[in-house]
There are 2 protein chains.
Amino acid sequence: MLNNVNYVDRRITKSKNALKEALLVLLLEENIDHITITDIVNEAYLNRGTFYKNYQSKEEILDEVLEDVTADLTKAFRAPYQDQQRLAVKSLKASTVTIFDHVAKYSTFYTLIFKKNRYPEFQHTISETLKSLHLQDFSNISFNAKINREFLACYRAYATFGVLKEWVHDGFKYSAGYMADQLVEILCSSQGGDIYRVVI
Amino acid sequence: MLNNVNYVDRRITKSKNALKEALLVLLLEENIDHITITDIVNEAYLNRGTFYKNYQSKEEILDEVLEDVTADLTKAFRAPYQDQQRLAVKSLKASTVTIFDHVAKYSTFYTLIFKKNRYPEFQHTISETLKSLHLQDFSNISFNAKINREFLACYRAYATFGVLKEWVHDGFKYSAGYMADQLVEILCSSQGGDIYRVVI
DNA sequence: ACTATTCTGTCTACTATTGAACAATTCTTA
DNA sequence: TAAGAATTGTTCAATAGTAGACAGAATAGT
């Protein structure tokens, strides 16, 4: 009767999350090669058998973390213009900017890659994701025909990336809400008149 | 073979902790009477059956939280003189002061009682615990015969209590480490010459 | 007062996680 | 290189947690 499952059992979700967070915490201190499966399950407060039922290797966990992060980053970035046809920078509300909440949610991951400078390829994935979002979602990103839209998307993506990175690097010195306020101010002062056509 | 258990299954620990934290989070927003069992298990991301397997009522959870907090508070308070016969205030190391880490660990609970001013009787339990610790652990707390040791213990307990409360009330504005530094400075300046006989 | 809705407490069949044990393998380090 | 220790990957029976269903109680809305 319960043979055909189209839901994910909460136990699986929780065990996997615990294993992911545990590995990230351990990675803050040492290289992945020096981390044993036993270390991970101890940190995750799980039986070793549970690791093997959910994953084949340590690396598989990391892959899934990156999937989680990019998916959630995308969702957070899009939050201000979710279900909108247009995005007027001038009337952007800071409360709809959730990208800093996203970073806080994955603080261990971002601390690992931004502060400890581990897995530089992950940094690249983050910035590439931001660039793609600018490029794909804002069809008319460049109003000036002389400006290559690829370059503009790159410019804007790295600008945001830098703010996120500095925030993490300084140990989340300010609240996510304050950071959102600041970002909105910056966007308004530089692109206040822009209205982007949204294409999700 | 597994009939006689002298350990606590990790699943029980985790489920109970999730239910405790969930109830506290919900209590930040509304009165316990308006919180349903369904609310709690949703917040805890657990099946309702799990609630009933571990607890009889919402109130039972709260009782257990208070037990947890007082036990951990006691352990944290004693950390600086654990396994010592004497405690010389002058040579007290801030790194051994873990009472602020304890409060951070139970931040939801302390925010509830200190910031939201819910369950004033719990505040009393905390201050009473601190008073008992001074009184029981420091056999020679009062060096001046004219000073009633009960009153002195009360005075010192509430002093600490106040610092904890203010810290929570201001939303954990400073780090636990900084707070420990400050407390040690205050203790040194006022009781720097004291050496307490420890009786645990 | 009546009704629709939510919440409760309990139940069932199923399954993910559990502690423990084990031989095989890999690391230490002497 | 040899011996000792730690880690691995797998197994087992036991059990806590799972989704879902249910009837009855409490609650809200009209």
- Message: Using a heavy-atom cut-off of 4.0 Å across all strands, would you classify A:Y45 as base, sugar-phosphate, or nothing?
- Response: sugar-phosphate

- Whole Å only: how far is the CG atom of B:L46 from the C1' atom of C:dA16? 14 Å

- Ring center gap for A:H124 and A:Y119 short of 6.0 angstrom: no

- Message: Whether the side chain of A:R48 and the base of D:dG9 hold a donor-acceptor pair under 3.5 Å is what I'd like checked.
- Response: yes

- For atom OH of A:Y52 and atom C1' of C:dT18, their distance in whole Å: 16 Å

- Query: Heavy atoms under 4.0 Å, any strand shown: does B:K14 hit a base, just sugar-phosphate, or nothing?
  - Reply: sugar-phosphate

- Query: Starting at OH of A:Y7 and ending at P of D:dG17, how long is that distance when rounded to a whole Å?
  - Reply: 17 Å

- Rounded off to whole Å, could you give me the CD1-to-P distance for the B:I40 and C:dG9 pair? 11 Å

- Contact class for A:T36 (heavy atom, under 4.0 Å): base, sugar-phosphate, or nothing? sugar-phosphate

- At under 4.0 Å between heavy atoms, what does B:N47 touch on the DNA or RNA strands: base, sugar-phosphate, or nothing? base

- Query: Does A:R10 place a side-chain N or O at less than 4.0 Å from the phosphate oxygens OP1/OP2 of D:dG17?
  - Reply: no

- Query: Please give, in whole Å, the distance from C:dT10 C1' to B:I37 CD1?
  - Reply: 14 Å

- Query: Is any side-chain nitrogen or oxygen of A:T38 closer than 4.0 Å to OP1 or OP2 of D:dA6?
  - Reply: no

- Query: For B:P80, which of B:T98, B:V198, B:I99, B:L92 qualifies under side chain to side chain contact (heavy atoms under 4.5 Å, CB included)?
  - Reply: B:L92

- To the nearest angstrom, how far is B:D9 atom CG from C:dA20 atom P? 10 Å

- Nearest-nucleotide check on DNA chain D, A:F51 vs B:K16; residue mapping nearer the 5' end is A:F51

- Query: Starting at NZ of B:K58 and ending at C1' of C:dC7, how long is that distance when rounded to a whole Å?
  - Reply: 11 Å

- Task: Establish, with yes or no, whether the OP1 or OP2 oxygen of D:dG17 is under 4.0 angstrom from a side-chain nitrogen or oxygen of B:S15.
- Result: yes

- Query: Are the aromatic ring centres of A:W167 and A:Y174 under 6.0 angstrom apart?
  - Reply: no

- Rounded to whole angstrom units, what separation is found between the NE2 atom of A:H34 and the P atom of D:dT8? 13 Å

- Message: With a sphere of 6.0 Å drawn around CD of A:Q85, does it hold more than 12 non-hydrogen atoms of other residues, nucleotides or ligands?
- Response: no

- N/O donor-acceptor pair under 3.5 Å between B:R156 side chain and B:L130 backbone: no

- Query: Is any N or O donor-acceptor pair between the side chain of B:R11 and the base of D:dT15 shorter than 3.5 Å?
  - Reply: yes

